[in-house]
J.: 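Structure provided below as structure tokens; questions to follow.
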Amino acid sequence: MTLPKNLLQKIYRDMIRTRTLDYQMIKNAQSGKMPCGWHSGLGEEAIVGPVSLLGKDDYVTYTHRGAYVWIAKGMEMEDIIAEFYAKSTGCAYGKGGTHIAKPSLGIFGRSGMQGGHLPLAAGMGIAAQMRGQGQVVLSFFGDGCATRAPLHEAMNYASIWKLPVVWFCENNGQSMSVKQDKTWAIKDIAQIAGSYAMPGKTIEDGNDVIAVTEAAQEFLDRARRGEGPALIEIKTYRWRGHYEGDPMLYRTKQEINEWMKRDPLKRFEQLLLAQNLITQEGMQKIQVEADTEVAKAQKFAEESPDPLPEDAFNAIYAT
Amino acid sequence: MTLPKNLLQKIYRDMIRTRTLDYQMIKNAQSGKMPCGWHSGLGEEAIVGPVSLLGKDDYVTYTHRGAYVWIAKGMEMEDIIAEFYAKSTGCAYGKGGTHIAKPSLGIFGRSGMQGGHLPLAAGMGIAAQMRGQGQVVLSFFGDGCATRAPLHEAMNYASIWKLPVVWFCENNGQSMSVKQDKTWAIKDIAQIAGSYAMPGKTIEDGNDVIAVTEAAQEFLDRARRGEGPALIEIKTYRWRGHYEGDPMLYRTKQEINEWMKRDPLKRFEQLLLAQNLITQEGMQKIQVEADTEVAKAQKFAEESPDPLPEDAFNAIYAT
Amino acid sequence: MREIYLYQAIQEAVSEEMRRDERVFLTGEAVGPSGTSPTRPPKEIMEEFGEHRVRETGIVEQMLAAGSAGAAMAGMRPIVDFMMADFMFPAWNEIMQAGLWRSGHGGAENISIPVVYMSGLMSYGSGGFSHSRAPIANVWHGPGLKVVLPTTPYDTKGLLKTAIRDNNPVVFISHRLLYRTQGPVPEEEYLIPFGEATVRREGKDVTIVALSYMVNLSLEAAEVLEQEGISVEIIDPRTLEPLDINTILVSVEKTGRLVVVDEDYIRCGIGAEIAFQVQEKLLKSLKAPVQRVGNLNTPIPVASNLMQAVMPTKEKIIAAVKKTLV
Amino acid sequence: MREIYLYQAIQEAVSEEMRRDERVFLTGEAVGPSGTSPTRPPKEIMEEFGEHRVRETGIVEQMLAAGSAGAAMAGMRPIVDFMMADFMFPAWNEIMQAGLWRSGHGGAENISIPVVYMSGLMSYGSGGFSHSRAPIANVWHGPGLKVVLPTTPYDTKGLLKTAIRDNNPVVFISHRLLYRTQGPVPEEEYLIPFGEATVRREGKDVTIVALSYMVNLSLEAAEVLEQEGISVEIIDPRTLEPLDINTILVSVEKTGRLVVVDEDYIRCGIGAEIAFQVQEKLLKSLKAPVQRVGNLNTPIPVASNLMQAVMPTKEKIIAAVKKTLV
Ligand SMILES: Cc1ncc(C[n+]2csc(CCOP(=O)(O)OP(=O)(O)O)c2C)c(N)n1
Ligand SMILES: Cc1ncc(C[n+]2csc(CCOP(=O)(O)OP(=O)(O)O)c2C)c(N)n1
Ligand SMILES: [Mg+2]
Ligand SMILES: [Mg+2]
């Protein structure tokens, strides 16, 4: 294991923070008081690892389960929760909702048309390449979104131009209610890397934070060196439905339970404890801090004012 | 060589007919009197072979260099030339121009948006599969058009649903003025078959009619048996510019000459002669017949009446 | 007569037509037995048809749109369920192309492209800029397509059956706020022809033209206006292409005043088009400029009050009606 | 003043702006040194910039449109050359999305998306249903985009430079029949602001509004009409978004008559929109219904006489003008 100690500790902390936020958002969605719906990422938090490898100037794209990305990339909880409450204090002043944006952190929102962000990511790669300062793009997408047409154009040109983009497929085997055997002819999506002359890697145990982070590290370094894009696929699972309220007719309780046993956070915790990188007290402290942080942000969001109606029209054009 | 003698003779005859038509159309384009432009397929006629394996009920999609497909699938020269002259006697009554259509032969026109016909072909495969009578779809496309987004969705679903579609890439290494190294990260396009769990085959010598036809035979049979799609790529070359009038700044005379030496028709002729499948007199006769056929169709087209202006609006909707 | 929900009207129309004609098939995301699309036929009925006739997919709108056009040309009669109307955008090129094929063939051999592109408007929620759009004017703009926007369960069933039997590409757009509205629908089979508007409310002072959920908003506005002594007539064209402009002209000739309500972006929209056709025929009968209420050319914000500022509301309809009366 | 061709005006604008700002890059099919796109900068100048700033591609319109929006958000200033306007269709979702990003961010951190989507109308040739479309109304319909259709070399250069410096997505549409028209263009740098219409011809009886090649057709019609004693004023808005409705209103107030000429499909088109805005303000000044000349909602046929039956012509413009005079 080559990852530095403080990185591992940061990853752990951000996984806890993300999960705490996720639970809060599930509650919010169920309360009926939060205008935006919630797509929980519980069970897929291993992704915090790769994001933690990025600097402020690097770019990311994320999926509708993007909480781990926003948090690990450095966004404030207030920015996020208030936006889901469509408050004037949200990161998009209540206009964008789930399509969280923070340009100064390299987070440029999300197209509601799944897959729309794949060419967008390639474009950020163009900017990074032209600027020549070693920036990279880490582009997350689901197995479902990966069947969308623009993937083909984006991956092909990222490779032709050797753009510094690491493609990262969160394969949870499900696209809404549709299982992978109905959305893909192949099992391992990383196989498509061959069509674009780039390295591809499937991480069968995608809930192994270390493995996931190390693979990302290798490809991110390669991209920073100007050697072009690569594709990582991790096999993982979402514990919750596609959205809060999903009747989940497409899967069994047993399938969910099997995967909950492979909880990426619990396993990472065991490992950190075993290696003395964390203590029980330290863990508790982190959880308490996360609880406080989320509670504070939640209160902030709830108490923030609505945007002013006349502001509905003020963001269409830049000057 | 397993192909029957009469098939080889038919292929030869149709190659001659296609080439004769092509030369006529080049002249027509240069004359300035034909309203539609011409994309010559000279040098790529090996494709006549695979099309000759199809029955009337099978479906094809073709590229903007589709003459070999129209002819080998059974269209009349009149239908084609008159349509390029936008005459009332053309296959689309002068409305469609280069987007030649003949529904009763399984030829449903062509989207001017390159790559638009790939999902269309998959859809014809749905019809063939639902009807269950062993029909197949042979879908041609260029290396250029193959970079377009919808390919990804069409090939994936053709494979998931095991549709009877044989994908056929005419790789001439050029997309208008852009060479393959600027349009693809890979060299052998058939490699993408791996992304869709289907067999793929690159035929390096795509001007070898026999090799091309036999590969198609194998995959068409497989598709007819319900075993799903496959991808053939042939390496070939267009002797003429992208369109008549192309300044061809992107390639050298030498490159063209090299490829003209590998003329698929001449080589097929040698083979047929060597195997006594044709005689010099027989060849001459076929050429004379083709000349007569083209001349007759040309005259027909030139002398046909224009469509009537009031007919401009009569084909928008079916009743 | 029995009352059913609008989503049931969709399911009945689809299942009945699938039973009637084995060339009809349904395809789209989440149309399978475990799917959540409001427009999917009920589980039992899907099991009746099997995988070849209920083709569930992932996120492949271009394949759905163009593939279905291909299947249609090759003799099938596909129904595509895009779920949200927004999801027509990724397939925009393919949907527009569907309207061009037949002309491009010159109508040779009487080729037909019987495909229904079905979806629902998701507006008035918190979907924001890309999950609440109403791409109505733009599909109407494209030639060769028919365009249907039903309002009631009765109209939905009758028009959808007509759409499935039509030999042309039909864009069929329902509305999330109507799926759970109820209305009388006979057990017996019936069809509603395209191109026949219906008068949702009779009145004499001002004509409102509206489709889909905008009809309901307009009805609410009309109630309020009635109390102020203003009598509003509401015309629901039901299909934009073909458009029954005659029923609209007859009404405007009577009232001399017109308001068009439309939830799509207002610029180059339905209001502009209908107003054009009305002034062309009835300029001198117009007692006041035509007014329109629509999305004020703005990506839809999430916050409810901002969204209301951008989108048509009862209050804005009332104000527009009054504007024609000063 | 020197005269140059319109295609040269495009090349000059692109090269000058690429020299001025190293964040500007050009991308598209056939924009490379051997390419045939009429809008590519000349060979020598492209060699000056190298591969990172002249990014030639194959057929990847979705990548071009969305990738460039991504590069723009990340600080670059891309110019995308789609060649033909038709080729915007495969990227329709992405172009529309470009207009939504900023609002979706709430304009946070003053995010900007400085991307120019350039293409040429290919109409009045034999391109048929999918190589001669004029997707103008539909882009104008989409919020968050600016829309420019220049007519002269002078306007082309000045407006394109403005487009490249604009911090928003701009759809910039030229016309194949104008590339080889000549006009005076100063050597010195100049910019033309968006939203300022120009009067192409002064007249007093009827106002025509037209853009791009439609201006030239209208000028021809006006010549003929002049001989019959009918004086036509022609307004060229040059940009649709923003639209200088004022100049149009001033003219219609004077003439009392309006014809809009537009080569896109007529339904929900530019004519409908401009007519709406005019009747809204000037209903009582209109001496006759507004007329429009446009594509009669028909996929464009290849045969020249059929194409003319479908598309605007000088004769149809003359007839429309006369219709406002009876
Ligand atoms: C173009 C488009 N079609 C459909 C949808 C609806 N949709 C939202 S999320 C989703 C499934 C995405 O699956 P995946 O990418 O695997 O992500 P996961 O939900 O599994 O994390 C679908 C179909 C959409 N947003 N955009
Ligand atoms: C969507 C789209 N973009 C661009 C074009 C312009 N175009 C026509 S043919 C062509 C090149 C096609 O190359 P390829 O598919 O390799 O066929 P080839 O000409 O080599 O036979 C291009 C770019 C088009 N027709 N459609
Ligand atoms: Mg998934
Ligand atoms: Mg090629």
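Every chain is numbered from 1, with letters handed out A, B, ... down the list of sequences.
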J.: With chain D, which of A146(B), G144(B), S175(B) has the greatest number of heavy-atom pairs at distances under 4.5 Å?
T.: G144(B)
J.: Can you tell me which of V178(B), T183(B), T98(B) forms the most heavy-atom pairs within a distance under 4.5 Å of chain D?
T.: V178(B)
J.: Parallel, tilted or perpendicular: which describes the rings of F82(D) and Y117(D), with under 30° parallel and over 60° perpendicular?
T.: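 Tilted, since the angle between the ring planes falls between 30° and 60°.
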J.: Under a 4.0 Å N-O cut-off, is there an ion pair linking D181(B) with K187(B)?
T.: no
J.: Is there a side-chain contact between C169(B) and I232(B) in this structure, where contact means two heavy atoms from C-beta onward sitting under 4.5 Å apart?
T.: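 No - every pair of side-chain heavy atoms lies 4.5 Å or more apart.
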J.: Out of G128(D), G125(D), P90(D), return the one with the most heavy atom pairs under 4.5 angstrom to chain B.
T.: P90(D)
J.: Is it the backbone or the side chain of T57(D) that comes under 4.5 Å from a heavy atom of chain B, or both, or neither?
T.: backbone
J.: For F84(B), which atoms come within 4.5 Å of any heavy atom of chain D: side chain, backbone, both, or neither?
T.: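 The answer is neither part of F84(B).
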J.: Among G127(D), S304(D), P299(D), A303(D), which residue has the highest count of heavy-atom pairs closer than 4.5 Å to chain B?
T.: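 Of the options given, most contacts go to A303(D).
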J.: Should V171(D) and W140(D) count as side-chain neighbours, where that means a heavy-atom distance under 4.5 Å?
T.: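 No. Closest side-chain heavy atoms not under 4.5 Å.
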J.: Under a 4.5 Å heavy-atom cut-off, does chain D meet the side chain of H99(B), its backbone, both or neither?
T.: side chain
J.: Between E303(B) and K299(B), is there a salt bridge with N-O shorter than 4.0 Å?
T.: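 The answer is yes: the pair qualifies as a salt bridge.
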J.: Show your reasoning for whether side chain to side chain contact (heavy atoms under 4.5 Å, CB included) applies to F141(B) and H117(B).
T.: CA-CA 8 Å; F141(B) 56 94; H117(B) 63 289; 3.7 Å; yes
J.: Taking every heavy-atom pair that is under 4.5 Å apart, which of A86(B), P307(B), P309(B) has the most such pairs with chain D?
T.: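 Ranked by contacts with chain D, first place is P307(B).
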J.: Heavy atoms only, distances under 4.5 angstrom: which of T298(D), L296(D), N297(D) has the most pairs with chain B? Name it, please.
T.: T298(D)
J.: I'd like to verify something: which residue of E61(D), E56(D), M63(D) has the highest number of heavy-atom pairs under 4.5 Å with chain B?
T.: E56(D)
J.: Using a 4.5 Å cut-off on heavy atoms from C-beta on, say whether the side chain of M34(B) contacts that of E244(B).
T.: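 E244(B) vs M34(B): side chains apart.
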